[in-house]
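A short write-up of the structure that comes next.
Whatever order the structure lists them in is the order used to number ligands and atoms, beginning at 1. If you read the sequence from its start, that first residue is 1, and numbering goes on from there.
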Amino acid sequence: MAFDYDLLVIGAGSGGVRAARKSAEFGARVAVIEERALGGTCVNVGCIPKKLFVYASEFGEAWKAAKGFGWTPDEIPFDWPTLRDNASQEIARLNAIYERLLEAPGVDIIRGHGTLKGPQEVAVGERIIRAEKILLATGTWPVLPDIEGKELAISSNEVFSLERFPSRILIVGGGYIATEFAGIFEGLGASVLQSYRSDLFLKGFDEDIRRFLAEEMRKKGIDLRLNHHVMALEPHPTGGIAAHLSDGMEVFDTVLCATGRKPLIEHLGLANTAVQCTPEGYVAVNLQFQTHEPSIYALGDMTGGPELTPVAIAEAMAFAETQFGNQPKSMEYDHIATAVFSQPPIGTVGLTEEAAVANGHSVTIYESNFRPLKHTVSGCEDRALMKLVVDTDTGRVLGAHMVGTDAGEICQGLAIAMKMGATKADFDRTIGIHPTAAEEFVTMRTPRS
Ligand code: NDP
């Protein structure tokens, strides 16, 4: 069979773009198919606009805190259209950069929906494209809960482009997205109810961190309700949305469901190939990202690993280097630092206390719960929590967790030390930077009793 390309990538998100670019740089003939904007979830409706909205939401509190330092800030009203439109301008700029990044090494960009027709064939409309290898990188898509009136709710795909600022918002879910948007909308001045169905949100994070964040968010005014359910939504005569909740009925301007995501594989034509899915519905791959169909590979969110942009990018680099760079590489999934851009944010790397114990470690815990220096004068009630999970037998630091300003920035640095196998003694012989919050990580000497 004559091939049009050595590699055909379906999906121009973080993973797909990096795999296409890198493979083309190694000399492969590459095309990428995309039906939406270049850059995928991260650039268009995820990490990038979210972080811009987080920055926006931090100003209100900063102005309040400024009073303690002698400023008399004027009341400046927040203007939602300015934020929304400035953020979308930045996204358009990034879309154009992605286009140039693909075009520079000679990647063809094919606009449209790609459907697998066989192990080495993809249809885009009437056009059939043949490639020696195909890479699936279509990501995931939000899932709304199956409740009456769910069509009145929005997902994170729509939240950045709302016509009007919602003064009253109901946010359903207890994962990264729900928790981040609870902080964003509270900071921007909305009244926020975050509804989580079980007894403590942010499943999988360290339990002390989850409890501490819940308290901090409530102090800021977020109405976080646990063991709480949304049964149905219906239009309210005042123009809002009436939400029937497990504790009564309340009216909101917007209902945001951040209740998880599922792989974007519908209409991908997987049935025309030997590609198989895991019981959870993700595309099944081996350590080389190869599916059950030997010519078809998949990576990023759709394969069920950590749904994080840097992971998709690292997988894409390993894929391109292995397949076209003659430098076989495999992924290491340990010590992946991550942050929840809640307010205050969480930073975390390594094992939670619960996971360390479950994995058979005997652990010693070091913890520091303090009022950051800034807030001794700002009047703000925020506190910070830092926690180290240490293996009692070897002294190795198994986990570092934090809730507080710049937690993500701090934990990125700790991840390097932990990846290198740092012990508590290594942390102890490191001199702190004073006065910072981060220095607490190297000055905790007394284990928690
Ligand atoms: P998550 O899977 O993290 O969270 C989904 C939440 O919705 C959970 O709390 C879940 O509850 C709840 N839920 C699921 N189904 C229902 C239902 N039917 N009714 C009520 N609640 C429900 O998904 P997200 O959408 O928040 O995020 C997806 C992924 O994106 C994350 O896992 C993360 O990897 C990535 N992400 C990363 C970010 C970052 O790096 N800062 C930011 C945003 C997203 P339960 O816990 O009980 O299952």
Which protein non-hydrogen atom lies closest to [atom], naming both residue and atom, and how far is it?
atom                    : answer
atom 40 (O) of ligand 1 : L308 CD2, 3.4 Å
atom 9 (O) of ligand 1  : G174 N, 2.9 Å
atom 44 (C) of ligand 1 : I177 CG1, 3.5 Å
atom 28 (C) of ligand 1 : R261 CD, 3.7 Å

Taking the side chain as every heavy atom from C-beta outward, state whether [X] and [Y] have any atom pair closer than 4.5 Å.
X    : Y    : answer
V122 : T115 : no
L385 : S368 : no
Y176 : T338 : yes
H292 : V275 : no
K133 : F324 : yes
Q323 : S23  : no
L193 : F252 : yes

When you look for heavy atoms under 4.0 Å from ligand 1, do you find them on the side chain of T140, its backbone, both, or neither? neither

Can you tell me which portion of C47 lies within the under-4.0 Å heavy-atom range of ligand 1? Options are side chain, backbone, both, or neither. neither

Does any N or O atom in [X] lie less than 3.5 angstrom from one in ligand 1, N or O only?
X    : answer
V340 : no
E307 : yes
E180 : yes
P145 : no
P306 : no

Taking atom types as modelled, is there a side-chain donor on [X] or [Y] under 3.5 Å from an acceptor on the other?
X    : Y    : value
Q343 : S57  : yes
E315 : Y333 : yes
E158 : S161 : no
N157 : N44  : no

Among [options], which one puts a heavy atom closest to [atom]?
atom                    : options                : result
atom 22 (C) of ligand 1 : V230, L202, T259, L200 : T259
atom 45 (P) of ligand 1 : Y176, Y196, F341       : Y196
atom 23 (O) of ligand 1 : G175, G260, A337       : G260
atom 10 (C) of ligand 1 : K262, H228, R197       : R197

Give the numbers and elements of all ligand 1 atoms closer than 4.0 Å to a heavy atom of [X].
X    : value
K50  : 41 (N), 42 (C)
G173 : 7 (O)
A258 : 5 (C), 6 (C), 7 (O)

